Student: 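Below is one structure. I have some questions about it.
All of these numbers come straight from a predicted model, not from anything done at the bench.
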Number of protein chains: 2
Amino acid sequence: MVYRLDEQIGYILRLANQRHGLIFNKHSELGLTPTQFAALVRIGEMGACSQNLLGRRTAMDVATIKGVVTRLKAKGFIQLSPDPGDKRRTVVSLSVQGQGVIDQLHAFGEKVTEETLSPLSETERKVFLDMLKRLT
Amino acid sequence: MVYRLDEQIGYILRLANQRHGLIFNKHSELGLTPTQFAALVRIGEMGACSQNLLGRRTAMDVATIKGVVTRLKAKGFIQLSPDPGDKRRTVVSLSVQGQGVIDQLHAFGEKVTEETLSPLSETERKVFLDMLKRLT
DNA sequence: GGTTAATCGTTTGTACACTAATAAACAACC
DNA sequence: GGTTGTTTATTAGTGTACAAACGATTAACC
């Protein structure tokens with residue numbers, strides 16, 4: 001059997017990711033990247049937590065989450081404070097501005113998801129997401 | 001309906017991509033990245049071509065393919081030469097070493113694909129790849 | 001109480017990925 | 001044959017993503 005790049009899961013995953021990124025940026029109003037968006041939504045879900053924990057809950061490396069937190073802080077969506085009970089930790093929480101955009105983020109996220117999955121029917125989406133999750 | 005990050009296609013795609021990357025690196029012997037691998041396999045499929053065309057055929061930006069070509073050249077897998085008919089172009093082609101590893105790359109790629117898709121049955125893989133392609 | 005181990009955050013280095021700008025070369029066309 | 005527009009390659013800047021190493025702190029446990 002011939003090896004064809006266009007049939008390989010890794011290559012196609014990269015393409016799908018690229019398309020999703022384009023759709024995301026097209027609709028993005030707040031100037032967030034997909035990664036920053038994920039971190040921000042996660043803080044909204046979890047509430048305040050340490051930087052490292054936030055990284056684990058968003059599947060980001062310590063070096064990666066560091067940069068993401070720095071940029072979210074610079075954009076005013078989060079605030080940082082020392083943990084009173086553990087001097088190693090930095091507590092990350094939503095700023096007032098951050099709290100104010102959570103609903104907007106959810107609406108935005110739904111639009112992106114909808115357009116990304118638009119080539120699939122409702123039934124197919126369920127099946128697809130189910131299988132994709134098993135590949136994580 | 002509540003918005004949950006863990007149910008969003010963009011987030012799950014990122015996770016699936018991460019897992020694939022880990023599997024890829026685990027098996028990688030030649031020290032190639034997924035992107036370098038794709039470019040090298042593509043040159044093997046297409047034969048010699050310009051740097052920009054290679055980028056388009058591997059879904060890489062001009063700036064991205066530039067770096068990938070530089071690194072593949074540094075590793076000795078490809079060679080660069082000026083296009084006699086078009087002074088703008090740089091022709092990219094496999095070096096002798098590059099030709100020598102193509103079969104190995106294919107075997108390696110099949111192993112990575114197999115392990116990445118291992119959570120799915122044979123029937124599911126077909127359905128899944130079919131749907132994933134529609135999202136590119 | 002003191003050693004050992006684990007965790008937290010930071011930094012460095014390499015490698016994609018995209019945008020935008022630039023310059024050189026080529027093609028189309030009147 | 002000169003203008004117009006496209007293609008090719010390069011560069012600079014921003015933002016993930018991972019590995020590896022580091023110091024500071026905390027936890028475990030004898």
Student: Answer with base, sugar-phosphate or nothing: what part of the nucleic acid does A:T90 contact at a heavy-atom distance below 4.0 Å?
Tutor: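 A:T90: backbone/sugar contact only, no base atoms under 4.0 Å.
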
Student: Calculate the interatomic distance between B:N17 atom CG and D:dC18 atom P; express it in whole Å.
Tutor: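 That distance rounds to 10 Å.
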
Student: Extract, from 5' to 3' on DNA chain C, the first and final nucleotides lying under 4.0 angstrom from some heavy atom of chain B.
Tutor: C:dA15 to C:dC26

Student: Indicate, yes or no, whether a donor-acceptor pair under 3.5 Å links the base of D:dT25 to the side chain of A:R88.
Tutor: yes

Student: So if I take residues 26-52 of chain A and measure heavy-atom distances to DNA chain C, which residues fall below 4.0 Å?
Tutor: A:S50, A:Q51, A:N52

Student: Want to settle it: does B:R89 or A:G85 sit nearer the 5' end of DNA chain D, counting the closest nucleotide to each?
Tutor: B:R89

Student: Atom CD of A:Q18 to atom C1' of D:dG15: distance rounded to whole Å?
Tutor: 15 Å

Student: Apply salt bridge (Lys or Arg N to Asp or Glu O under 4.0 Å) to the pair B:R125 and B:E122, showing each step before the final yes or no.
Tutor: CA-CA 5 Å; B:R125 295 182 192 192; B:E122 281 300 328; 3.7 Å; yes

Student: Within this structure, what is the NZ-to-C1' distance between B:K73 and D:dT10, rounded to whole angstrom?
Tutor: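 Taking atom C1' of D:dT10 as the reference, NZ of B:K73 is at 18 Å.
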
Student: Rounded to the nearest angstrom, tell me the gap between atom CZ in A:R14 and atom P in D:dT16.
Tutor: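 For the pair A:R14 CZ and D:dT16 P, the rounded distance is 18 Å.
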
Student: Measure CZ/A:F24 against C1'/D:dG15 and give the value in whole Å, please.
Tutor: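 Taking CZ of A:F24 and C1' of D:dG15, I get 13 Å after rounding.
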
Student: Is a donor from one side chain sitting under 3.5 angstrom from an acceptor on the other, for B:Q51 and B:T90?
Tutor: no

Student: For B:K87, look at atom NZ and say whether over 12 heavy atoms of other residues, nucleotides or ligands are found less than 6.0 Å away.
Tutor: no

Student: Hey, are the side chains of A:Q8 and B:V41 touching, using non-hydrogen atoms and a 4.5 Å cut-off?
Tutor: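 They are not in side-chain contact.
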
Student: With distance as the sole test, does B:T58 use its side chain to make a donor-acceptor pair with the main-chain N or O of B:L54 at under 3.5 Å?
Tutor: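 Checking the backbone N and O of B:L54 against the side chain of B:T58, a donor-acceptor pair under 3.5 Å is found.
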
Student: Are the side chain of B:R134 and the backbone of A:P119 linked by a donor-acceptor contact shorter than 3.5 Å?
Tutor: yes

Student: Between A:V68 and B:A63, who's closer to the 5' end of DNA chain D by nearest nucleotide?
Tutor: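 Result of the comparison: B:A63.
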
Student: Would you classify A:D86 as touching base, sugar-phosphate or nothing, given that sugar-phosphate means primed atoms plus P, OP1 and OP2, and contacts are heavy atoms under 4.0 Å?
Tutor: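 The answer is sugar-phosphate, as A:D86 gets under 4.0 Å only of primed atoms, P, OP1 or OP2.
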
Student: If you measure from the Lys or Arg side-chain nitrogens to the Asp or Glu carboxylate oxygens, is any gap between B:E115 and B:R19 under 4.0 Å?
Tutor: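 B:R19 and B:E115: not salt-bridged.
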
Student: Go through A:R4 and B:E45 one step at a time and tell me if the salt bridge (Lys or Arg N to Asp or Glu O under 4.0 Å) criterion holds.
Tutor: CA-CA 8 Å; A:R4 264 178 298 163; B:E45 287 177 2; over 6 Å; no

Student: Compare side-chain N and O positions of B:K66 against OP1 and OP2 of D:dT10 and report whether any pair is under 4.0 Å apart.
Tutor: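 Affirmative; the distance criterion is met.
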
Student: Indicate the ring-plane relationship of A:F24 and A:F37, choosing parallel, tilted or perpendicular according to the 30° and 60° boundaries.
Tutor: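 Plane angle over 60°, so perpendicular.
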
Student: Taking the nucleotide of DNA chain C with the closest heavy atom to each, which residue, A:L22 or A:R56, is nearer the 5' end?
Tutor: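 Residue closer to the 5' terminus by nearest nucleotide: A:R56.
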
Student: Could you tell me how far apart A:I65 (CD1) and D:dG15 (P) are, to the nearest whole angstrom?
Tutor: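 One finds 15 Å between P of D:dG15 and CD1 of A:I65, rounded.
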
Student: Round to the nearest Å and state the distance from A:N25 atom CG to D:dG15 atom C1'.
Tutor: 11 Å

Student: Rounded to the Å, how far apart are B:L15 CG and D:dT16 P?
Tutor: 16 Å

Student: Under the salt bridge (charged side-chain N to carboxylate O under 4.0 Å, His left out) test, which residues partner B:R88, sequence neighbours left out?
Tutor: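 Here the qualifying residues are B:D86.
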
